[in-house]
Q: 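Let me begin by handing over the structure; questions about it come next.
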Amino acid sequence: MTLPVEARRRARPGAAPLWLRAAGVVVAFCFAFPGAYLVWRNFTEEADPLGLLFSPRTLGPLGRTLRLAVGVSLAASVMGTTLAWLTARTDLPGRRFWRVVLPVPLVLPTFIGAAAFIRTFNPGGLASDLLSGLGLGRTPELRGFFGAWLVLTLFTYPYVYMPVAARLRQLPGALEESARLLGNTVWQAFRRICLPQMMTAVGAGTLLVFLYTVSDFGAVQLMRYDTLTRAIDTYHLANPPVALALSLLLLVLAAGVVAAERLFSRDRGSTDSKVVGHPITYPLGRLRIPALGFVAAAAGFGVGAPLAAMLDWSVEGLMRIARGGRPLTIGAGDVAAAAWNTASTSAVAAVVAVAAVLPVAYLVGRYRSRTGTGAHAVVISTFALPGMLIALSMLFWTLRSDFFGALNNTMALLVFAYVVRFGSLAMGVTVVAVQSVPTWLHDAARTLKAGPARRFATVDLPIMGPGLLAATGLVLLSVMKELPISLLISPLGFSTLTTRTFDSFRDAFVAEAGIMAAVLVLLSLPLSWFLVLRRSDRL
Amino acid sequence: MRLAFHAMSGASSGNGPVSVLIEGLRCSYGAGPVLDGLGLEVAPGESLALLGPSGCGKTTLLRAIAGLERPERGAIRLGSVEVTGPDAWIPPERRRVGMVFQDWALFPHMTVAANVSYGLNRNGRGGERVAETLAMVGLSGMEDRMPGTLSGGERQRVALARALAPRPQVLLLDEPFSSLDTALRVEIRTDMHRLLVKLGITSVFVTHDQEAAFVVGDRVAVMAEGRIVQVDTPHGLYARPADRWVAQFVGEGSLLPGRAAAGVAATLIGTVPVTGAKAGPVDVLVRPEDLAMVPGNAGTVELIEFYGHDAMVFVALNGGILKVRTGPDPGVGRGQRVGIEFSVARGRARAFPAA
């Protein structure tokens with residue numbers, strides 16, 4: 001007797017309501033708009049878009065961007081992988097401490113790092129003073145490719161370090177032990193067992209570093225290295241067609257990287273997650289001291305130096321006032337206003353972003369709707385869109401359109417840009433949150449007379465709560481340290497901690513920059529701790 | 001309290017137990033129909049067990065009664081109210097149908113009391129109904145516990161209390177005992193049986209465990225491939241299965257090939273009085289308790305399983321195995337040659353035309 005195919009126990013939730021699908025379409029449109037607008041403007045604005053695309057004015061920055069991105073990716077992947085190996089698999093002294101400290105650069109804005117290095121190594125800086133005190137004379141100025149490369153490497157290695165460390169900690173020691181028992185040496189076991197298992201994590205992390213580098217604006221601007229983002233900033237008012245052509249190149253580059261990342265992470269070499277066992281710890285032996293030196297240097301340059309520089313500048317500024325020297329250009333009121341602006345806009349943007357991706361999360365997480373899959377793909381793809389491009393798109397759009405011109409210089413436009421920039425960060429967590437509500441709880445609530453609104457309020461929201469909060473936090477943290485969008489499309493007279501820090505430093509008001517940056521770090525650190533750093537040990 | 005409650009309720013049609021009438025129900029998921037023209041009637045106050053192999057559509061049927069599935073065709077009436085039909089649709093939240101889900105589906109973020117009061121209308125939530133229902137299932141004093149801290153049996157009781165608190169017209173239970181371990185299962189089963197009898201509520205429960213179906217069900221509906229194959233009392237089902245599939249699915253037994261003529265069938269174990277088939281080749285259903293071992297050497301004792309109150313002897317006979325139920329002491333040993341005969345005291349065996 002043939003029985004029907006194993007019946008699906010899991011209830012099918014049926015088709016998504018029309019309004020939800022409509023909301024999904026609207027959200028997808030909003031997320032797709034900035035990128036699409038740039039492409040459209042490129043091909044409608046300029047008579048010869050292809051000619052401009054391949055002119056020296058665009059190819060120069062493209063070449064520099066590629067050079068920097070390749071350089072940073074290589075260095076960060078080697079550095080991240082080495083650090084991961086040392087902290088996860090060896091008897092390195094103070095492993096637990098390093099595991100907490102090493103991911104920290106992830107939550108610091110790169111321009112603060114760049115500023116720290118410039119001021120520390122250039123004449124008058126802490127390091128320069130120290131070195132000349134040792135009779136070494138002038139230190140080389142940190143500018144251009146080398147400066148940008150150094151800062152971005154020190155600030156992006158956690159993108160490799162974190163996934164690789166997680167992978168290494170998951171790898172059951174039994175795998176390596178079996179390899180050893182089957183006749184491999186330590187090195188052979190590493191090469192044939194660990195390395196292949198790590199490679200997907202290394203590859204995916206490296207592509208993230210690449211994407212981050214091509215999108216970065218703060219570090220290259222301060223280091224005066226003319227990449228695509230910096231060139232766009234230079235041309236966006238003086239020569240819009242060139243800025244548009246540059247933005248198209250950047251868009252294609254970023255999209256290519258993300259496409260590659262997707263391919264890479266498709267078949268993550270999968271160890272059975274149920275295999276438990278302690279990873280093997282290798283004794284470092286004589287390499288103990290050099291290894292410790294390397295890890296300490298990474299943490300020192302990536303975390304210690306920027307924090308020390310910030311502290312140095314602000315303390316120096318405050319002492320200068322105490323000595324009756326040149327007064328600061330900012331008062332406590334300015335700091336408070338900037339802090340409030342940062343906190344409030346990022347909070348609003350974070351809540352709006354999560355609310356915006358929630359319908360899409362419902363469509364894919366609960367209804368598995370085709371509309372939802374499409375909208376989800378659109379939202380996720382905006383992950384590749386550099387902030388500079390969103391800023392440029394929003395600026396050109398509101399400048400061009402009479403009707404939408406009213407949006408120019410408004411908080412609404414700023415929040416919209418933030419939401420599009422970082423909504424994709426909230427997407428994944430939100431889908432997981434939606435899926436964490438079992439459908440049978442809904443069924444149970446329905447048989448207990450609860451209508452849709454009551455079900456949402458009493459079943460969905462409380463269960464999704466922690467997930468939605470984490471999603472909000474991720475967006476909040478990212479908006480707090482965002483630079484290009486905040487610089488380009490903030491309403492007139494509206495400044496955040498990042499724009500104040502950046503402007504002060506550019507205008508050589510170092511003490512002011514230090515104070516603003518210190519406040520920013522103090523504000524974001526607790527959140528970073530809860531969302532990123534606290535978990536990095538288990539990630 | 002009670003009056004206010006009934007005034008609020010949607011599909012209410014009075015206070016006594018109601019009947020459930022299902023006609024021509026058809027439900028499908030993608031490939032083929034899961035329920036295919038299914039009809040069923042549950043009498044007021046009756047406890048009906050839906051028994052079937054996994055994948056036969058019994059859970060879908062239960063969900064359709066609750067309104068959690070919307071069938072393509074067919075009608076469901078609760079009492080005099082059509083809740084599903086060509087022109088009728090009452091959503092689950094207004095059906096007054098209580099349901100106990102397979103894994104209880106307790107709201108993990110709410111206390112026991114909040115779970116149980118969830119289905120009560122707003123002004124009933126703080127009232128005595130919660131304590132009353134919890135007392136009914138034997139969980140008095142557990143109001144403030146969280147579901148995560150309860151044992152499996154306690155969770156089952158909370159789920160039952162939650163379903164019963166709003167005084168549903170019909171109670172549906174999806175595999176109510178399958179998530180419990182064996183020792184607990186028997187105890188909980190008896191408690192629930194007692195409660196259902198005491199409340200006199202119309203109930204339908206899904207199970208793949210025939211023992212549960214037999215013990216708790218006033219009647220048992222056997223389902224296969226989206227249809228009801230047979231509905232009968234547990235005894236009727238066991239004694240008079242409608243076809244050979246039901247015969248093999250329900251209860252233990254063997255189908256012995258034979259040839260029927262004039263009310264008896266000639267089989268390997270001699271002539272057996274039969275009913276249910278015309279003259280010609282037949283398969284005769286023999287239950288282990290219909291058989292007895294006699295001195296002889298027709299077969300060999302292959303295995304003996306001792307259950308305490310009785311025992312089962314597996315006899316290898318002519319290439320097949322016949323199971324014979326004996327008293328606690330089977331009186332034979334492994335490898336012993338025995339004869340088997342049909343106990344005439346059992347009456348007539350059921351015969352089906354040979355396949």
Q: In plain terms, say whether A/Arg454 and B/Glu93 are close enough for a salt bridge, that is, a side-chain N and a carboxylate O under 4.0 Å apart.
A: no
Q: Would you say B/Arg73 has more than 12 foreign heavy atoms packed within less than 6.0 Å of its CZ?
A: no
Q: Return the minimal non-hydrogen interatomic distance between B/Ala105 and A/Leu441, and the atom names on each side.
A: O-CD2, 3.1 Å
Q: Using heavy-atom distances under 4.5 Å, tell me whether B/Leu106 contacts chain A through its side chain, its backbone, both, or neither.
A: backbone
Q: Are B/Met110 and A/Pro462 close enough that some pair of their side-chain heavy atoms sits under 4.5 Å apart?
A: no
Q: Pick whichever of A/Gly451, A/Pro438, A/Ala445 has the most heavy-atom pairs under 4.5 Å with chain B.
A: A/Ala445
Q: Calculate, to the nearest 0.5 Å, the distance between atoms CZ and CH2 belonging to B/Arg63 and A/Trp440 respectively.
A: 11.0 Å
Q: Quick one: closest heavy-atom pair of A/Leu448 and B/Ala163, and the distance?
A: CD2-CA, 4.4 Å
Q: Minimum heavy-atom separation for A/Arg446 to B/Pro91, with atom names?
A: NH2-CB, 4.0 Å
Q: Counting only non-hydrogen atoms closer than 4.5 Å, does B/Tyr118 touch chain A with its backbone (N, CA, C, O), its side chain (CB onward), both, or neither?
A: both
Q: Restricting to non-hydrogen atoms, name the atom on B/Asn121 and the atom on A/Lys449 that form the minimum distance, rounded to 0.1 Å.
A: N-NZ, 4.4 Å
Q: Need one label for B/Arg70: side chain, backbone, both or neither, based on atoms under 4.5 Å from any heavy atom in chain A.
A: neither
Q: So, taking the atom named CD1 in B/Ile65 and the one named OG1 in A/Thr447, what distance separates them when rounded to the nearest 0.5 Å?
A: 13.0 Å
Q: Within this structure, what is the OG1-NE2 distance for the pair A/Thr458 and B/His109, rounded to the nearest 0.5 Å?
A: 6.0 Å
